[in-house]
Enquirer: 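Have a look at this one.
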Amino acid sequence: FEVHPEELFTSLGAMKRLLHERGVQRPYLLLSPSAEEDFADFMQSSGEGDEKAHDAVVIGLAPTKFSYEYLNKAFRILSNSTSDSTKPVPLFATHRARYDPKAPAPLLSKVGATAHPPHLAPPILELSNGAFISQTANILNYLAPKLGLDGVTESMTDEDDIAIRSAHVNQLVLTWYARRLQAVKDVPNDTHSLDLNDEAHDVHHPIASRLYYEDQKPESARRAEELRNNRLPKFLAYFALVIRSNDECDGSQGWKYLLGSKMTTADLALFHVVRGLEFAFPRRMAALRQDPAYGEVFAHQDGVQATGPIARYLTCERYTPFSMGIFSDILECFCDLKERSHVVLALSLALPRSPVPRRWLYYEIDLHTPRSALLLYKHLRSKGGAKSTEASWVHAVHSNSWTVDAQILADLLEMLSNVEEVSINIGTTFSPEHSDGIFAIPRPTLKSLSLTFRPYVQEATYYQFLAGAYFDNILSKIASWPSHSQLKHFSIIQTAPPQSFSHFAQPIVFFSLQPLADLARSPALRNTTHFRFNIPGRPIADAIRLPKLSLDAVTLLDLSTTSINPNGISKILLPQFPSLRHLILDECPIVPRSTELTGEYSTLGRLCATSSMDMAREKGKKLKEFAAAQRAAMTVKPPPNATLEKSASAQLSKVKRGRRGLAAPTFSLRDKAGKPESTTLTNSSVGIADAASLALFDKIRILPTQCKLQTICTTVFKTPTQEQVKSWQEEFAVGWMQGSSTLEAVQKRLLSSLTYGIIRLYRFATPEELLQGTKNHASEHPSLEGLVEVTVDGFEACIQTSTRPPRLCFGKMDGVPHAEECGHQIAW
């Protein structure tokens, strides 16, 4: 059949289309002459020195263009884009191709028309006079005296001394050429920093550099063991000896140079090689760093890194850190972790012999079937279990199956000690014993934990109730975790039973909510910002109505399906969570089950706006009660260190005078000898010893401030219309503004009293202040702990209020749009 040229879609055609889509107008083409014909409609180069005119570099299979002349120009085009403030110049490749083994080896020898001798490989340095120098050590040896890095000082006047010092510097940075000659001739194999660099390189290519790593894996494993156990200690010991024997450097800066009293190219070479080894062999180098025998080398490493020019270079944009290669750089472009794992799998199948980083296959694991959990468990066991590299790669585990074998999942999670994110669907295959095994040991690296319960069976049964199969211990175990826990997101959900299960009672997951109260006070949740507890019908507010909760950092709270009312929101939730920004109360009975709602959302808005007034009033009441109790205690003035006995008869109410009936006993069954133990009343037990100190409490007032709530998400029993939603949102905003007006009036009265010295004004400490251990005025009395005194000058900063009321969102219901940046959109 006949094929027309315009019907062919080649890599060159795809590249041409891509350049047009990117808006490229003047690409620099490293293509063969025949390939350049396809790009004739683009603006071409005008000659030498026009690097800044190009806006892209395109490279293809063109061996004749892989010479210094063309590659140097391409490099300058790309480097100009990083040095200028303009948009970076992109580099495009038409396709992937291997090198041509039949091509002449010295392709890079065509450096200029008269370059001699030829140059085998980069790096190649072009001098100002047009000459060229290659080989790393040779380039360093040439540049060292020009940059003052040859170790020569002003006191050296003898030419022999200068030549010897330069030779000693070059000795330490010589390339691997001397070691290679040893295989041919009997050349001494001295220890050089670039020898060490080459030893590390040969770990992956012990037989030949042209062979793939997969072709020489057994030899590579043996070479790596030799390097770790023998070669690395030998090299580091040698350089430690060099540093230790340098008497010209006094080490006053905390570390010493290799030669003399100034920086040399040898110091820079050693720094770069050790830095690369720390990247390639992190565990081995970390162990060697702890060995005092090599302390001079690592002190030298840290010292060079902290040197001004080096430190600035390591933080600038031109610095390129060590990486796992081009495949890692490609994968970093995929922000979606699941998409990244799919790309890794595709690359591994398409390029089985390429060094594709497999760790992204393990980074986030989804277990959709019971068999997948079993296969992963067996796989990690075969790799070495908890100590395997594959286990350390696992960042997140999501068990999405309701019928997974609970014991296998528990054993699997036991191997993954460094996991940061865990979500588990807990069905009828789980028992409390399994959960105890998962959470008994603290997980300091865990940042997100989500547990979803579905304890429903096909037939009605009360086995779980009779067996005491409740999961209260999960909360108790987590509550016992230490304060350095990094748990940011914590979620517990009990799913609603299916409609077909409505004929029997809903199973209970937590027998008591007391473990939840213990968890809310636990330091393990000190860093938690997202907290979700969805247990249908349970009165959650009373469980968290406790002093000194650890949930001060919570910004998103989801209590959907629980039992809570507007008073519980304003008097418990908002005061207990000072950092709260988003509150989700889907399917909670905060309004009546009616289609005609009049005033309910206005009342809710007003209560939310004045929630801090109740908390301030309650705190002030407690302080007054404390002062009254102290005054009552001070009326009793026993002798110093004396005790006041309270007899049992004193505690009984006095018998009134009058007729004694037949039922009135003439004796008491109480043992008069068994009097209550005496209570010692001293100044220390009273707490405040004088009336002047008690007067402080009479003058104290607590400043109420507006809560920081931004959104409230809720639902009603029937899907509302757009008009109803808008009406309720406006109603809520009106109620909020009314409550804000009431709050502002109270604040003005307090400011007036504070200005005239009638009261002493305090506010509640912020979560940041509590986290930092701020205890203002605790020296006056512990009852003032957690309070910060407010002055007249600092009053305005304490009452910063938002003119925008929180947004009411009904977006969980079908057909209702979400409010702007509501809790639904930023939650799990």
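Residue numbers start at 1 and run along the sequence shown.
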Enquirer: So, taking the atom named CG in L30 and the one named NZ in K73, what distance separates them when rounded to the nearest 0.5 Å?
Expert: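 Reported to 0.5 Å precision, the distance equals 9.5 Å.
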
Enquirer: Listing request: all side chain to side chain donor-acceptor pair (under 3.5 Å) pairs with a residue in residues 292-304, at least two apart in sequence or in separate chains.
Expert: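 Listed by first then second residue: R244-E296, D267-H300, R289-D302.
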
Enquirer: More than 12 heavy atoms of other residues, nucleotides or ligands under 6.0 Å from CD of E414: is that the case?
Expert: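 Not buried by this count: 12 neighbours or fewer within 6.0 Å.
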
Enquirer: If you take all heavy atoms of V274 and V297, which pair is closest and at what distance?
Expert: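 Answer, listing the atom of V274 first, then V297: CG2-CG1, 4.4 Å.
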
Enquirer: Would you check, one step at a time, whether the test side-chain contact (heavy atoms from CB on, under 4.5 Å) holds for R358 with E390?
Expert: CA-CA 9 Å; R358 295 181 300 111; E390 287 77 6; 3.8 Å; yes

Enquirer: Give the minimum heavy-atom separation between I310 and L268, together with the two atoms involved.
Expert: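 Nearest pair, atom of I310 first, then L268: CD1-CD2, 3.9 Å.
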
Enquirer: Looking at S166 and A163, would you say the former's side chain and the latter's main chain have a donor-acceptor pair under 3.5 Å?
Expert: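 No.
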
Enquirer: Around atom CD of E226, are there more than 12 heavy atoms of other residues, nucleotides or ligands at under 6.0 Å?
Expert: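 Count over threshold, so yes.
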
Enquirer: Identify the two heavy atoms, one from K383 and one from S388, that lie closest to each other, and give their separation to 0.1 Å.
Expert: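 Here K383 and S388 meet closest at O-CB, 3.3 Å.
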
Enquirer: Are the side chains of N138 and Y142 in contact, using a 4.5 Å heavy-atom criterion?
Expert: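 Result no, sub-4.5 Å side-chain heavy-atom pair not found.
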
Enquirer: Give me the atom names and distance for the closest heavy-atom approach of A240 to A293.
Expert: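 Of all heavy-atom pairs spanning A240 and A293, the closest is CB-O, 3.8 Å.
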
Enquirer: Nearest 0.5 Å please: distance from the CD atom of Q171 over to the NE2 atom of H168.
Expert: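 Taking CD in Q171 and NE2 in H168, the distance rounds to 6.0 Å.
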
Enquirer: Assess the residue pair F490 and L519 against the criterion (side-chain contact (heavy atoms from CB on, under 4.5 Å)); give the C-alpha distance rounded to whole Å, side-chain angles, the decisive distance to 0.1 Å, and a yes or no.
Expert: CA-CA 11 Å; F490 182 77; L519 180 64; 3.7 Å; yes

Enquirer: Within this structure, what is the NE2-CG distance for the pair H395 and N418, rounded to the nearest 0.5 Å?
Expert: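 The NE2 atom of H395 sits 11.5 Å away from the CG atom of N418.
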
Enquirer: What is the ring orientation for Y257 with W255, classed by angle as parallel under 30°, tilted 30 to 60°, or perpendicular over 60°?
Expert: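 Aromatic pair Y257/W255 classed perpendicular.
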
Enquirer: Is there a donor-acceptor contact under 3.5 Å from the side chain of S579 to the main chain of T555?
Expert: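 Judged by distance alone, no pair lies under 3.5 Å.
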
Enquirer: Quick one: do the Y377 and R381 side chains pair a donor with an acceptor below 3.5 Å?
Expert: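 Side chains of Y377 and R381: pair found under 3.5 Å.
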
Enquirer: Kindly check if the number of other-residue, nucleotide or ligand heavy atoms within 6.0 Å of CD1 (I441) is above 12?
Expert: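 No, not enclosed.
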
Enquirer: In the structure I gave you, are the side-chain heavy atoms of K488 and N527 within less than 4.5 Å of one another anywhere?
Expert: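 Yes, close enough: below the 4.5 Å cut-off.
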
Enquirer: Would you say the side-chain atoms of S480 pair up with the backbone N or O of K477, donor to acceptor, closer than 3.5 Å?
Expert: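 Yes; at least one donor-acceptor contact below 3.5 Å.
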
Enquirer: Hey, are the side chains of R76 and N72 touching, using non-hydrogen atoms and a 4.5 Å cut-off?
Expert: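 Counting from C-beta outward, R76 and N72 do come under 4.5 Å.
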
Enquirer: Just so I know, are the side chains of I424 and L413 near enough to count as touching, which here means a heavy-atom distance under 4.5 Å?
Expert: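 When only atoms from C-beta onward are counted, L413 and I424 do touch, with a gap below 4.5 Å.
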
Enquirer: So, the side chain of R526 versus the backbone of S483: is there a donor-acceptor pair under 3.5 Å, distance only?
Expert: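 Not a single qualifying donor-acceptor pair exists.
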
Enquirer: Could you go through L125 and L143, starting from their C-alpha distance and side-chain angles, then the distance that decides it, and tell me whether this counts as side-chain contact (heavy atoms from CB on, under 4.5 Å)?
Expert: CA-CA 10 Å; L125 175 67; L143 293 176; 4.0 Å; yes

Enquirer: Once the angle between the rings of Y362 and W393 is folded into 0 to 90°, is it parallel (under 30°), tilted (30 to 60°) or perpendicular (over 60°)?
Expert: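 The rings of Y362 and W393 sit tilted, inter-plane angle from 30° to 60°.
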
Enquirer: CG/L127 to CZ/F132 distance, rounded to the nearest 0.5 angstrom?
Expert: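 Between atom CG of L127 and atom CZ of F132 there are 8.5 Å.
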
Enquirer: If you compare all heavy atoms of V173 against all heavy atoms of T265, which two are closest, and at what distance to 0.1 Å?
Expert: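 Heavy-atom minimum between the residues: CG1-O, 3.7 Å.
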
Enquirer: What distance do I365 atom CD1 and E421 atom CD have between them, rounded to the nearest 0.5 Å?
Expert: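 Output value for this atom pair is 12.0 Å.
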
Enquirer: Would a 4.5 Å heavy-atom cut-off, applied to side chains only, mark L258 and N246 as touching?
Expert: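 L258 vs N246: side chains apart.
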
Enquirer: Is there a side-chain contact between R284 and P233 (heavy atoms, below 4.5 Å)?
Expert: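 Answer yes - side chains close enough.
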
Enquirer: Distance from Q290 atom CD to F298 atom CZ, nearest 0.5 Å?
Expert: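 Reported value, rounded in 0.5 Å steps: 9.0 Å.
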
Enquirer: Show your reasoning for whether side-chain contact (heavy atoms from CB on, under 4.5 Å) applies to V422 and L416.
Expert: CA-CA 10 Å; V422 174; L416 305 176; over 6 Å; no

Enquirer: Under 4.5 Å between any side-chain heavy atoms of L380 and L412, yes or no?
Expert: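 Counting from C-beta outward, L380 and L412 do come under 4.5 Å.
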
Enquirer: Checking Q305 against R275: is there a side-chain donor and acceptor pair closer than 3.5 Å?
Expert: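 Q305 and R275 do have a side-chain donor-acceptor pair below 3.5 Å.
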
Enquirer: So, S220 side chain and V203 main chain: donor-acceptor pair closer than 3.5 Å or not?
Expert: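 Indeed, once roles are kept as given, a pair shorter than 3.5 Å links the two residues.
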
Enquirer: Is it true that a side-chain atom of T528 and a backbone atom of L487 form a donor plus acceptor pair closer than 3.5 Å?
Expert: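 Present.
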
Enquirer: More than 12 heavy atoms of other residues, nucleotides or ligands under 6.0 Å from NZ of K262: yes or no?
Expert: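 Above 12, so yes.
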
Enquirer: Is any side-chain heavy atom of D291 closer than 4.5 Å to a side-chain heavy atom of L236?
Expert: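 D291 vs L236: side chains apart.
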
Enquirer: Please find the pair of heavy atoms, one from W481 and one from F439, that lie closest to each other, and give the distance.
Expert: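 W481 and F439 have their closest heavy atoms at NE1-O, 3.3 Å.
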
Enquirer: Please confirm whether the backbone N or O of R165 pairs with a side-chain atom of D150, one donor and one acceptor, at under 3.5 Å?
Expert: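 No.
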
Enquirer: Any side-chain to backbone donor/acceptor pair from Q216 onto A208? Under 3.5 Å, distance only.
Expert: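 Flag set: sc Q216 to bb A208 pair under 3.5 Å.
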
Enquirer: Look at the aromatic rings of H489 and H530 and report parallel, tilted or perpendicular, splitting at 30° and 60°.
Expert: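 Because their plane-to-plane angle lies in the 30° to 60° range, the rings of H489 and H530 count as tilted.
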
